[in-house]
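Below is one structure, written out as structure tokens; the observations come after it.
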2 protein chains.
Amino acid sequence: MPVTIHDVARRAQVSPSTVSRALSASHLVRGTTRDRVLAAAKELGYQPNPAARSLITGRTGNIGIVVPDLNNPFYTGVLRGVQARARQSGYAVFFADGEEDPVAEEALVRAMSRQVDGVVMCAPFASDTQLRALAGLTSLALLNRRLRDVPAALMDSASGMRQVVDHLYALGHRHVAYLNGPGSSWSNRERRRGLRAAATRARMTVVDFGPFEPKFEGGVAAADLALAGGVTAIMCYNDLMALGVLSRLADRGVAVPHEMSVVGFDNLLYAAVCAPPLTTVAMPMEAGGRAAVDLLLAGVEGTEDGAGPYRELTTNLIVRATTAAASTSNPDNHPPAV
Amino acid sequence: MPVTIHDVARRAQVSPSTVSRALSASHLVRGTTRDRVLAAAKELGYQPNPAARSLITGRTGNIGIVVPDLNNPFYTGVLRGVQARARQSGYAVFFADGEEDPVAEEALVRAMSRQVDGVVMCAPFASDTQLRALAGLTSLALLNRRLRDVPAALMDSASGMRQVVDHLYALGHRHVAYLNGPGSSWSNRERRRGLRAAATRARMTVVDFGPFEPKFEGGVAAADLALAGGVTAIMCYNDLMALGVLSRLADRGVAVPHEMSVVGFDNLLYAAVCAPPLTTVAMPMEAGGRAAVDLLLAGVEGTEDGAGPYRELTTNLIVRATTAAASTSNPDNHPPAV
DNA sequence: GACTCTTGCACAAACGTTTGCAGGGGACGG
DNA sequence: CCGTCCCCTGCAAACGTTTGTGCAAGAGTC
């Protein structure tokens, strides 16, 4: 029922191979024949069969993406970037939600591997070993995860963290809390690393809590611990947790930002519109998705652009209404003698 | 490089066709041979080539989904349901963001059509005519859009709207505003229809505003209009708009819920966690996605279950903190004489 | 006018599967 | 002991493309 290359060939009075060439390597056929073929193809509404094509070429024209949690708007942001960039190059996108589960992630990539030219894994939970195994199966590009010899787009959240520390320091904060995200997460390690470096430089003490689930509920749970820690500011692994913290602080009657400053990470839409608007670090989600696809396609199509297999994306502090001068209710504002 | 069915055949000392049968129609081969084949396949890590398979069978094992706006958590909820259900039946999922653009939607479905067994279109912006054309190209299942002879999962938002009206009426509201979403949207029409019916029955007057963009910004813009309408409650097309309304009301010093009640639609995560928590109607997002895939696969695999081509999903009012007794600052609480 | 070179096209093989058809062999009944 | 039937397996065709190879005709050169 569907129209094949043979139908077009018959209508244009040429052989199927000529049709194929007219449609792809058009310089190999005479102008007049090419026009005839294109006209015939258009009239019949010919669409090449991707299965047949990929069978012979070994390429599919598809890429895959797996994210840890679709409910987190951060990942839908990168999803948008990925899809936009892929579409621009004529690739279709397979998508899957790994649900923060390493074995699900691996299974999903394996399942996709035969029908994609490559997959971008977004902040994967899988182990390095697993990732290497998958990289042997298909081309891989990582987002916010570093692994030798595997191309990756990385958001420089350590730098964002430095900006946060400088901001808080300028506001007089000397003793702050950091609520960790998943312990295995590259992003969390990066943020913590940036925090440590900047904090010791500024002689600021920071107490760690967690790891917590990087979700609203995780923030709610974490808030009480942080509150007991005698700090003047709480830095959260991400915005979702920060929103949870805000909610819990409100419940407990702690005024933000006057009694407690809170800062998040990601700059989700909701960070801008919640009350009070959240001070946070903007992560380039769509740009990250696009960059990952750039790297993937560069590898797949062999169009290395000499920029190497890594892309570093910058992050920026966005000051809103959840940070203010350090609370004076804790007058000396130093770590309590525990 | 990749291992083919011939490799397995050689290792198991059988012909390729036997391997094929052992893997799919296993009752056609003797038990001992089947075991030998399966063992060989496992040892070699054989994975069938989907392109070759789909070339001969005409089926791909893939489905597609296109949504209007990935930034709206409603659709990511649906996406989760779709992917979970698809995976359960061994289907992989192509995904695309139509960006609320009818022509983009159509182009995306056309692009996918050759490599999927069907696609679910989620609250599409495309016209009926366009949808019919696409239904001729591939199997279609709709979510929150009704079109004769095309299977669809529909959320009964008219019923949810009735519950909202009853709730507001009980609180003493007699004059309310409805902020419309996109005029072409089936969901908006349904909600409006439910609203009209319930309101006239209850002798409640409702003034319409919009259409607005179904986003935060749309709500911000709409709030001022509604405020000037002399109403005691604002019903929004969806939660995103409701959040925009809340934000704008706060800016203008209007106390919610005491001076103005606000209700949304969808029950996004943020409706539950914003301040004050939003009264809204819960939409079964994941269930809707699953139901749509059910319908699609029933059509594709010919496993009609006799339940007909439509699924109706129920919706429920969730009362939180943005609705209260009608404001008395507008003492007579009836439509101002315009 | 004969040679070579180029251009434009057709032929056929190949990609990895599935599946209709046929054949071989064993079991069973007569 | 022979015929029939059934179970299992192999052979080969087919799916719709792409692409290497070969051939024919025309253009250019001497």
Side-chain angles (χ1 to χ4, degrees), chain A residues 1-41 44-62 90 92 113-117 137-138 301, chain B residues 1-38 40-41 44-62 90 92 111 113-117 137-138 301:
Chain A
M1 195 59 192
V3 29
T4 78
I5 207 175
H6 292 89
D7 303 324
V8 180
R10 207 172 317 119
R11 177 157 192 132
Q13 313 260 43
V14 294
S15 80
S17 42
T18 302
V19 175
S20 173
R21 279 186 258 260
L23 294 175
S24 47
S26 59
H27 63 279
L28 286 179
V29 314
R30 182 165 35 178
T32 64
T33 359
R34 175 171 7 115
D35 295 343
R36 201 149 33 95
V37 169
L38 294 182
L44 277 68
Y46 169 69
Q47 294 277 97
N49 180 326
R53 169 178 289 172
S54 97
L55 186 55
I56 183 85
T57 62
R59 301 248 317 269
T60 64
N62 303 326
S113 66
R114 296 297 312 248
Q115 35 188 352
V116 298
D117 296 334
L137 235 51
T138 181
E301 301 180 340
Chain B
M1 194 60 191
V3 29
T4 78
I5 206 173
H6 292 90
D7 302 325
V8 180
R10 206 170 320 117
R11 176 155 192 135
Q13 314 260 43
V14 295
S15 79
S17 39
T18 301
V19 175
S20 173
R21 279 186 262 259
L23 295 175
S24 46
S26 59
H27 63 279
L28 288 178
V29 314
R30 182 166 31 178
T32 64
T33 3
R34 171 166 18 107
D35 295 345
R36 198 148 35 95
V37 169
L38 294 182
L44 275 64
Y46 169 70
Q47 294 277 97
N49 180 326
R53 168 177 291 175
S54 97
L55 186 56
I56 183 83
T57 63
R59 301 250 315 269
T60 63
N62 303 326
S113 65
R114 296 298 310 249
Q115 37 187 349
V116 298
D117 295 335
L137 234 52
T138 181
E301 302 181 340

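Atoms considered below: every heavy atom in the structure, side chains included; atoms not considered: hydrogens, waters and symmetry mates. Being a predicted model, the structure only gives us computed values, none of them experimental. Just so it is clear: chains get the letters A, B, ... in the order the sequence lines come, proteins before strands, and each one is counted from 1.
- Annotation: the span from B/Gln115 atom CD to A/Thr60 atom OG1 amounts to 7.5 Å, rounded to 0.5 Å.
- On the nucleic acid side, DNA chain C contacts chain A at distances under 4.0 Å to non-hydrogen atoms, with the end points of that region at C/dG8 to C/dG16.
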List, with names and distances, any nitrogen or oxygen atoms from the protein found under 3.5 Å away from nitrogen or oxygen atoms belonging to nucleotides 7-10 of chain D.
residue : atom : partner : partner atom : Å
D/dT9   : OP1  : B/Arg30 : NH2          : 3.4
D/dT9   : OP1  : B/Thr33 : OG1          : 2.6
D/dT9   : OP2  : B/Arg30 : N            : 2.9
D/dT9   : OP2  : B/Thr33 : OG1          : 3.2
D/dG10  : OP2  : B/Ser15 : N            : 2.9
D/dG10  : OP2  : B/Ser15 : OG           : 3.2
D/dG10  : OP2  : B/Thr18 : OG1          : 2.6
D/dG10  : N7   : B/Arg21 : NH2          : 3.3
D/dG10  : O6   : B/Arg21 : NH2          : 2.5

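- Sequence neighbours left out, the pairs with a member in residues 7-17 of chain B that pass salt bridge (charged side-chain N to carboxylate O under 4.0 Å, His left out) are B/Asp7-B/Arg10, B/Arg11-B/Glu43.
- Residues meeting the side-chain contact (heavy atoms from CB on, under 4.5 Å) test with A/Ser15, sequence neighbours left out: A/Ser17, A/Thr18.
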Distance-only criterion, 3.5 Å: show the donor-acceptor pairs between side-chain atoms of residues 44-55 of chain A and protein atoms not counting sequence neighbours.
residue : atom : partner : partner atom : Å
A/Asn49 : OD1  : A/Ala51 : N            : 2.8
A/Asn49 : OD1  : A/Ala52 : N            : 3.2

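- With sequence neighbours excluded, the residues forming a side-chain contact (heavy atoms from CB on, under 4.5 Å) with B/Arg59 are B/Thr57, B/Tyr91, B/Asp117, B/Val300, B/Glu301, listed by chain and number.
- Annotation: side-chain contact (heavy atoms from CB on, under 4.5 Å) contacts of A/Leu28 (sequence neighbours excluded): A/Arg21, A/Ala25.
- The terminal axes of the helix from C/dG1-D/dC30 to C/dG30-D/dC1, fitted over 5 pairs per end, subtend an angle of 50° to the nearest 10°.
- Within the 4.0 angstrom heavy-atom criterion, no nucleotide atom of any strand lies near A/Pro50.
- Residue pairs satisfying the salt bridge (charged side-chain N to carboxylate O under 4.0 Å, His left out) criterion with at least one member in residues 22-36 of chain B, sequence neighbours excluded, are absent.
- Contacts of A/Thr57 with the nucleic acid, taken as non-hydrogen atoms under 4.0 Å apart, involve only primed sugar atoms and P, OP1 or OP2.
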